[in-house]
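Note that these values count all heavy atoms, side chains included, but never hydrogens, waters or copies made by symmetry. The first residue of the sequence shown is numbered 1, and numbering continues consecutively from there. This structure is a prediction, so every number in the text was calculated from the model and none was measured.
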Amino acid sequence: MRFPVLATALSALVLSVPLQAQDMTAPKYPETRRDDVVETLFGEKIADPYRWLENDVRNDAEVAAWVEKQNALTDTYLAKLPMRDWFKQRIGQLYDYERFSTPVKRGDRYFYTRNSGLQNQSPLYVRDGLGGAPRLLIDPNTWANDGATALDAWRASPDGSKVLYSVQDGGSDWRIIRVLDAATGKQLSEEIRWAKFTDLAWVGEEGFLYSRFPEPEQGQDFQALNYDQAVYFHRLGTPQSEDQLVYSTPANRDYNHSASVTSDGRWAVITTSIGTDARYEIRAIDLAARGTSGWATRTLVTGFDNAWSLIDGVGGKLWFSTNKGSPRYRVVSIDLDNPAGDWAEIVPEKEQPIDGASIVGDRLVLSYLKDATALARTFDLAGKELAPVELTGLGSVSGFTGKPGDPETFYSFASFNRPATIYRLNVATGESSVFAQPELKFDPETIAVEQRFYTSKDGTRVPVFIVRRKDVTGPAPTLLYGYGGFDISLTPTFSPSRLAWIEAGGVFALANIRGGGEYGKAWHDGGRLNNKQNVFDDFIGAAEFLKAENVASQVAVQGGSNGGLLVGAVVNQRPDLFAAGNAQVGVMDMLRFDRWTAGRYWVDDYGYPDREADFKVLRKYSPYHNIHSGTEYPAVIVTTADTDDRVVPGHSFKYTAALQAAEVGDKPHLIRIETRAGHGSGKPTDKAIEEASDIMAFLGKWAGLAVRQ
């Protein structure tokens with residue numbers, strides 16, 4: 001691995017424009033029409049003057065004109081920021097490293113993605129044998145001139161002869177499913193439409209299972225609520241119109257269904273959910289009996305009470321991880337060939353929550369979270385603990401794909417100061433060897449990664465990661481990131497934009513606030529529904545801690561999706577605490593979030609706006625409804641995208657309009673609206689670099705970041 005001398009790399013970081021040389025206060029905002037829309041909800045009059053901004057930008061000329069004016073204003077402002085060019089150059093350099101996905105073996109072939117560095121999308125490669133020469137199979141960079149059409153999920157067939165894959169266009173959640181021949185790279189005739197939130201599961205070599213919704217009404221692709229998801233079987237070589245309905249619940253249109261198939265091809269497992277919370281019903285289909293029983297299901301779990309995740313199966317036996325009776329998860333199994341069989345505990349609940357599980361060879365590989373960092377442990381199939389997988393430092397682990405009988409598996413390990421290295425694990429010996437390691441344009445040893453703990457408002461102990469150059473010891477401009485929802489755990493990962501902030505002399509901090517899954521079910525429950533205020537208190541507590549401990553001179557906050565809601569809420573509640581904020585693709589109108597696309601799923605975490613008790617909680621923190629005129633606000637940049645059909649951009653449009661209309665001081669409150677992009681996944685590298693450069697330059701300006709020699 002080669003590193004340029006850090007002093008040499010930083011010697012170019014001299015600003016040509018002094019930080020305060022230009023007036024960077026709020027510009028004159030475009031006029032936004034304000035309507036007299038008022039509703040009475042549970043006895044309270046709720047004004048919604050910018051409801052017209054909910055309309056789809058593709059179908060409403062007035063909304064399109066508003067977007068154009070806002071982007072023109074924002075572009076003009078960002079162009080004046082003295083660090084923008086430096087951030088663009090340095091983030092681009094830090095993105096330019098070779099990166100791989102963990103290989104998947106099917107038959108004698110190994111499949112993986114590889115990005116040479118600055119490719120907009122990562123191509124899929126195959127090797128015939130582990131030592132074989134890499135052969136390009138799919139290059140999504142040829143699919144669109146703007147690089148915004150992405151290879152999403154992919155699954156090689158059991159014998160490795162074919163690849164089933166999904167295509168994502170413009171960042172949308174809709175997927176097109178296709179198949180190609182792995183030997184020749186030839187595209188087969190398959191083209192499946194209107195798939196969304198789907199797994200891809202081969203049924204032998206004859207076809208596959210997938211989940212889809214009915215085709216929406218014309219013009220409603222990006223806004224209409226999604227109901228009636230069903231699982232279908234597609235037989236290769238036939239049109240989609242002949243696909244067989246496998247499982248649906250027409251009496252419960254809001255139920256969601258996904259399908260997976262065990263490695264030996266014996267069982268299809270249907271997982272049914274009613275929202276985003278990990279509460280599932282489980283049914284199994286004996287694929288060996290399809291000739292006589294068709295797609296008949298066998299019910300294993302009902303009630304939507306607990307999380308259940310299929311690990312794999314061998315013959316009649318299935319293994320699952322579950323939080324039933326174990327909020328930090330355990331492993332159980334059931335023998336479906338035994339009529340009297342019942343659930344048996346294999347690996348009991350441990351002190352740390354399970355974060356991932358697989359069966360490789362003759363053992364279970366379980367990854368755990370210890371204070372939001374990865375541990376990997378192995379067990380035999382009866383539950384006896386074997387040797388752990390040795391990992392290096394505070395980081396995140398993923399992969400361990402494989403199947404029973406495999407002699408090997410692959411995994412990746414990454415941290416804040418180290419991009420992912422791919423390892424090959426010999427299952428029999430437990431030894432790991434490097435499969436792929438990137439060459440870097442920085443020295444990881446110059447970056448310090450530490451974890452501290454602070455006390456939140458109600459006395460809860462919360463972890464926070466702190467990352468900075470080892471020579472930065474005093475208070476410095478600090479970028480604080482959080483999420484706090486949907487049982488999602490934030491663990492150490494590498495980010496070129498965050499590293500650029502750190503190289504410029506700033507501090508990056510990641511707070512593992514409640515609402516996530518870092519400590520299991522109780523940590524999630526502690527930050528949802530009527531406990532949502534704990535999430536905001538935890539995040540505010542992190543900022544106060546960083547200042548009190550002389551880590552932060554000024555704090556800029558950032559979060560995406562549910563984290564965008566987090567930024568909007570804490571800026572409203574403590575505008576004095578923060579120097580700047582970036583709310584990315586945020587849920588900003590908490591009284592109407594359930595009216596578009598996937599929004600109805602989020603009631604598990606947020607509650608129902610049409611129920612009085614939930615409404616009262618939501619009303620108190622909804623970012624759009626709680627902007628305080630007459631109070632000095634920090635600088636805010638809102639970021640969203642026109643093709644975001646997860647959190648529709650109307651959330652960000654309305655919040656920005658309200659913020660610009662309020663009397664909240666002379667700092668800028670801008671919105672950056674990306675085109676041909678969605679909620680985040682599939683975004684091409686060049687757009688990611690542009691966006692990150694704009695955000696970091698904006699936050700750095702207002703947090704006092706100045707790159708110095």
Side-chain angles (χ1 to χ4, degrees), residues 34-54 225 275-277 457-458 482-486 513-515 525-540 557 559 561-575 577 581 583 585-631 633 636 638 647-664 669:
R34 183 181 175 91
D35 292 340
D36 188 21
V37 177
V38 180
E39 292 179 325
T40 300
L41 302 174
F42 302 106
E44 182 179 355
K45 291 187 181 299
I46 303 294
D48 192 1
Y50 305 111
R51 184 171 292 182
W52 64 275
L53 284 169
E54 295 174 355
L225 284 166
T276 55
D277 202 14
K457 184 176 180 179
D458 65 354
Y483 186 79
F486 297 96
I513 56 183
R514 280 173 284 185
D525 289 344
R528 69 185 187 102
L529 301 175
N530 60 347
N531 291 324
K532 189 66 176 177
Q533 184 58 41
N534 288 336
V535 177
F536 312 136
D537 290 341
D538 288 357
F539 204 52
I540 289 168
V557 283
S561 194
N562 176 73
L565 157 65
L566 169 67
V567 169
V570 300
V571 165
N572 282 338
Q573 292 182 15
R574 286 295 307 276
L577 184 59
V585 293
V587 189
M588 310 310 258
D589 184 344
M590 301 309 298
L591 306 186
R592 290 173 63 80
F593 70 84
D594 59 343
R595 296 171 183 255
W596 302 285
T597 59
R600 66 177 181 83
Y601 301 144
W602 311 334
V603 295
D604 284 340
D605 253 52
Y606 298 149
Y608 293 82
D610 60 353
R611 297 179 183 177
E612 184 173 8
D614 291 343
F615 165 82
K616 289 182 176 179
V617 174
L618 294 164
R619 173 66 181 86
K620 287 181 179 178
Y621 69 79
S622 176
Y624 175 54
H625 298 94
N626 287 281
I627 296 168
H628 303 298
S629 257
T631 301
Y633 265 49
V636 174
V638 178
V647 179
V648 295
H651 279 282
S652 295
F653 295 174
K654 291 169 62 176
Y655 169 73
T656 301
L659 196 60
Q660 290 180 349
E663 296 179 3
V664 288
H669 304 121

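Between the CD1 atom in Ile513 and the CZ atom in Phe539 there is a gap of 6.0 Å [rounded to 0.5 Å]. Atom CD of Glu612 is separated from atom NZ of Lys616 by 4.0 Å, given to the nearest 0.5 angstrom. Remark: Lys45 NZ to Thr40 OG1 distance equals 3.5 Å, nearest 0.5 Å.
For residues 594-605, the salt bridge (charged side-chain N to carboxylate O under 4.0 Å, His left out) pairs, not counting sequence neighbours, are Arg279-Asp604. Residue pairs meeting the salt bridge (charged side-chain N to carboxylate O under 4.0 Å, His left out) criterion with at least one member in residues 650-660, sequence neighbours excluded: Asp48-Lys654, Glu54-Lys654, Asp589-Lys654.
Side-chain contact check for Val648 versus Thr597: some heavy-atom pair is nearer than 4.5 Å. Glu44 is listed as a side-chain neighbour of Ile46, based on a closest heavy-atom distance under 4.5 Å.
Applying the ring-ring contact (aromatic ring centres under 6.0 Å, His included) rule to Phe42 yields the partners Phe615; only residues at least two apart in sequence or on another chain are considered. In terms of the side chain to side chain donor-acceptor pair (under 3.5 Å) criterion, Tyr483 has no residue partners (sequence neighbours excluded). Taking Ala613 as the reference, nothing meets the side-chain contact (heavy atoms from CB on, under 4.5 Å) condition, with sequence neighbours excluded. Asn626 is linked by a side-chain contact (heavy atoms from CB on, under 4.5 Å) to Asn572, Arg619, Ser622, counting only residues two or more places apart in sequence or in another chain. With sequence neighbours left out, the ring-ring contact (aromatic ring centres under 6.0 Å, His included) criterion links Tyr606 to Phe486, Phe593. Every residue two or more places apart in sequence or in another chain that forms a side chain to side chain donor-acceptor pair (under 3.5 Å) with Gln533 is listed here: Asp537, Gln573. Every residue two or more places apart in sequence or in another chain that forms a ring-ring contact (aromatic ring centres under 6.0 Å, His included) with Tyr621 is listed here: Phe536. Partners of Asp458 under the side chain to side chain donor-acceptor pair (under 3.5 Å) rule, at least two apart in sequence or in another chain, are Thr460, Arg514. With sequence neighbours left out, the salt bridge (Lys or Arg N to Asp or Glu O under 4.0 Å) criterion links Asp35 to Arg33. When the salt bridge (Lys or Arg N to Asp or Glu O under 4.0 Å) test is applied to Lys457, no partner is found at least two apart in sequence or on another chain.
Minimum interatomic distance between Gly527 and Val535 (heavy atoms only, all atoms of both residues): O-CG2, 3.2 Å. Heavy atoms only, all atoms of each residue included: Val664 and Leu659 are closest at CG2-O, 3.8 Å. Smallest separation of non-hydrogen atoms from Ala583 and Met588: CB-CE, 3.9 Å. Residues Phe653 and Leu53 share a closest heavy-atom pair of CD1-O, 3.5 Å. Across Asn534 and Gly526, no two heavy atoms sit closer than the pair ND2-O, 2.8 Å. Between Val585 and Ser652 the shortest heavy-atom distance is CA-OG, 4.4 Å.
Side chain of His651 to main chain of Val587: no donor-acceptor pair is present (N/O by atom type, distance under 3.5 Å, no hydrogens or angles). A donor-acceptor pair is defined here as one N or O able to donate and one able to accept, closer than 3.5 Å; such a pair exists between the side chain of Asn531 and the backbone of Asp525. Here the side chain of Asp614 pairs no donor or acceptor atom with the backbone of Gly607 at under 3.5 angstrom. Between the side chain of Ser629 and the main chain of Glu663, a donor-acceptor pair closer than 3.5 Å is present.
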Given the rule in the side chain to side chain contact (heavy atoms under 4.5 Å, CB included) test, do Leu565 and Met590 qualify, once you have shown the distances and angles that lead to the verdict? CA-CA 9 Å; Leu565 157 65; Met590 301 309 298; 3.9 Å; yes
Applying side chain to side chain contact (heavy atoms under 4.5 Å, CB included) to Tyr50 and Tyr655, what does each step give before you reach the verdict? CA-CA 9 Å; Tyr50 305 111; Tyr655 169 73; over 6 Å; no
